[in-house]
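Structure first, then comments.
Just so we're on the same page: letters track the sequence lines, and every chain starts at 1.
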Protein chains: 2
Amino acid sequence: MSLRYALLGLLAEEPASGYDLAGKFERNLRRYAWHAQQSQIYPELNRLAADGLATLVEQGPRGRRTYAITDAGRIELRRWILDPNDEPIVRNEHTLKLFLLSTLDSQEARQVLQQQAESSLKEHERLRAAIDEASHTGQPPVALFAAELGARYFQTVHEWALWALERLDNT
Amino acid sequence: MSLRYALLGLLAEEPASGYDLAGKFERNLRRYAWHAQQSQIYPELNRLAADGLATLVEQGPRGRRTYAITDAGRIELRRWILDPNDEPIVRNEHTLKLFLLSTLDSQEARQVLQQQAESSLKEHERLRAAIDEASHTGQPPVALFAAELGARYFQTVHEWALWALERLDNT
DNA sequence: TCCTCCATGTAACATGTTACATGATTTC
DNA sequence: GAAATCATGTAACATGTTACATGGAGGA
C-alpha cells in the first residue's frame, strides 16, 4: 500500500496530475524512497479518487486531470506516517550488491567500490547544490529535511567506499 | 530478478537450505538490502536448481534440502554484481515516511523524528557490537564491509534526526 | 510539417504477500 | 507428552513491470 501513501503525500504538498506525479517520483523519490512506474500511478490515482481520498479538481488541455487530496485523504495519510511500523519494507538493489561484495575476488570488489565511491560523490554534490539553491527561496526548514538526509546518506556511502578500498589494499 | 541474485549471493558464501536462506534474509538483508518471504524463497530456489545455477547437495532430516551454487551460478552472479545498473530499484518505507514529513504539523513531525532518532541509535549500537564481536574471529575484512555500511548508515540517520529536531525547535 | 513533450490509459506477464497445509525433530 | 523449532511447500490475491496504444499542444 506504500504507493498509495506516496501519492497521497505528494498530493498533500500540492494538487497534481498523474503526469506531474510520475515526474515527482522520478525526480524526488525514485533514488531514495520509492520506485513507481507511470503505468502504476494512473490506476492508483483513480482508486484514490474512488475511495474519496483524492478528488478531481481541474481538467486541462490534452486531457490533463488535476487531483487534490481530500480531508479524508489527509487523515489517512497522517495515520500511516505516524504508525510506527517496526518491520518496514526495504528493497535496494544497490545495497544488495554491496552486501554481496564478499562473493567477488578482491580485484572485482575494488571495481565495484570505485564505481560506488564515484557515483555517491556525484549524488552528494548534486543534492548539496540543490539544497543550497533551495535554501534561498524562503521555504520552511522541514521542506529540505529529506534532501539533507539524502545528501548525508550519499556522503556516508562515499566515505564508506573509500574506507573499504583502503582496507582492501592493506590485505 | 533481484531475489534470484540475493539467493545466489547467499549460496555463494556457503551451501544452505531454503530455511537457512529465509533466516539469513531475516537477519542480514531485510533491514537494509532486500526483503523476501519464505513463500517466495522456496519456489525461486527450485527455479535456480532447474536453471542449473544451484544444485541439491544434501538431503537431511525433516526433508531438509541443502543447495550449493554451481559454476554457472557464480558466473551469472558475478555478471549481475559487476553490471553498473544506473537505475537500481529502491523501495524503503521508512525513508518514504521521512520524505513526507513536511505534510505533518510540527508537533507530529517532532514525534516521527524522535522515534527515528531512537530506533536508528539502537540499530547503530546493535551493529557496532556485532562488528566488534566478529572482528575477533579472523574473517577477511570484506566480510564486515556490509555491516560497517549499515552501522554508518544508522549513525547518519540518527545524527540527521537530531539535526532536524533542532532545526524544528528553532522555528 | 515534423518533432518533442505532455498526457492518460490498458493488457499480459512477473513478482511479492497472506494465509494455509503438513509433518518431523528436539528440548523441556 | 507438550511446546518450540525446523522444514517445505501451495493457493489466492495484490502489487509491480514491460510493452503497447492513442492522441493533443507547442515550438522549430
- Can you list, by residue number, the residues of residues 5-14 of chain B that have a non-hydrogen atom closer than 4.0 angstrom to DNA chain D? none

- Note on the structure: In numerical order, the residues of residues 17-44 of chain B whose heavy atoms come under 4.0 Å of DNA chain D are B:Ser17, B:Gly18, B:Tyr19, B:Gln38, B:Ser39, B:Tyr42

- Note on the structure: Rounding to 0.5 Å, atoms CG (A:Leu101) and CG (A:Leu113) come to a distance of 5.0 Å

- Message: Expected output is a numbered-order residue list: members of residues 79-92 of chain B with a heavy atom under 4.0 Å from any atom of DNA chain D. What is it?
- Response: B:Ile89, B:Arg91

Distance-only criterion, 3.5 Å: show the donor-acceptor pairs between side-chain atoms of residues 150-157 of chain A and protein atoms not counting sequence neighbours.
from: A:Arg152; atom 1: NE; to: A:Glu148; atom 2: OE2; distance (Å): 2.8
from: A:Thr156; atom 1: OG1; to: A:Arg152; atom 2: O; distance (Å): 2.9
from: A:Thr156; atom 1: OG1; to: B:Thr156; atom 2: OG1; distance (Å): 2.5

- Query: What residues join B:Val90 in its hydrophobic cluster, counting side-chain heavy atom gaps under 4.5 Å, either direct or through other members?
  - Reply: none

- Item | Residue pairs passing the salt bridge (Lys or Arg N to Asp or Glu O under 4.0 Å) test where at least one lies in residues 54-74 of chain A, sequence neighbours excluded | A:Asp20-A:Arg64

- Task: Apply side chain to side chain donor-acceptor pair (under 3.5 Å) to A:His35 and B:Glu87, showing your working.
- Result: CA-CA 10 Å; A:His35 180 85; B:Glu87 304 218 336; over 6 Å; no

- Set of ring pair (Phe, Tyr, Trp, His ring centres under 6.0 Å) partners for A:Phe25, sequence neighbours left out: none

Nucleotides 22-28 of chain C: which of its N/O atoms have a protein N/O under 3.5 Å away?
from: C:dT25; atom 1: O4'; to: B:Arg62; atom 2: NE; distance (Å): 3.4

- Check: B:Trp160 side chain, A:Phe145 main-chain N or O, donor-acceptor pair, under 3.5 Å: yes

- What residues form a side chain to side chain contact (heavy atoms under 4.5 Å, CB included) with A:Leu82, not counting sequence neighbours? A:Arg78, B:Leu104, B:Glu108, B:Gln111, B:Val112

- Item | Summary of salt bridge (Lys or Arg N to Asp or Glu O under 4.0 Å) pairs that have at least one residue in residues 90-107 of chain B, sequence neighbours excluded | none

- Task: Supply the members, apart from A:Tyr19, of the Ile/Leu/Val/Met/Phe/Trp/Tyr cluster built from side-chain contacts under 4.5 Å; use none for a lone residue.
- Result: A:Tyr42

- Item | Degree of bending in the helix from C:dT1-D:dA28 to C:dC28-D:dG1 once both end axes are built from five pairs, to 10° | 30°

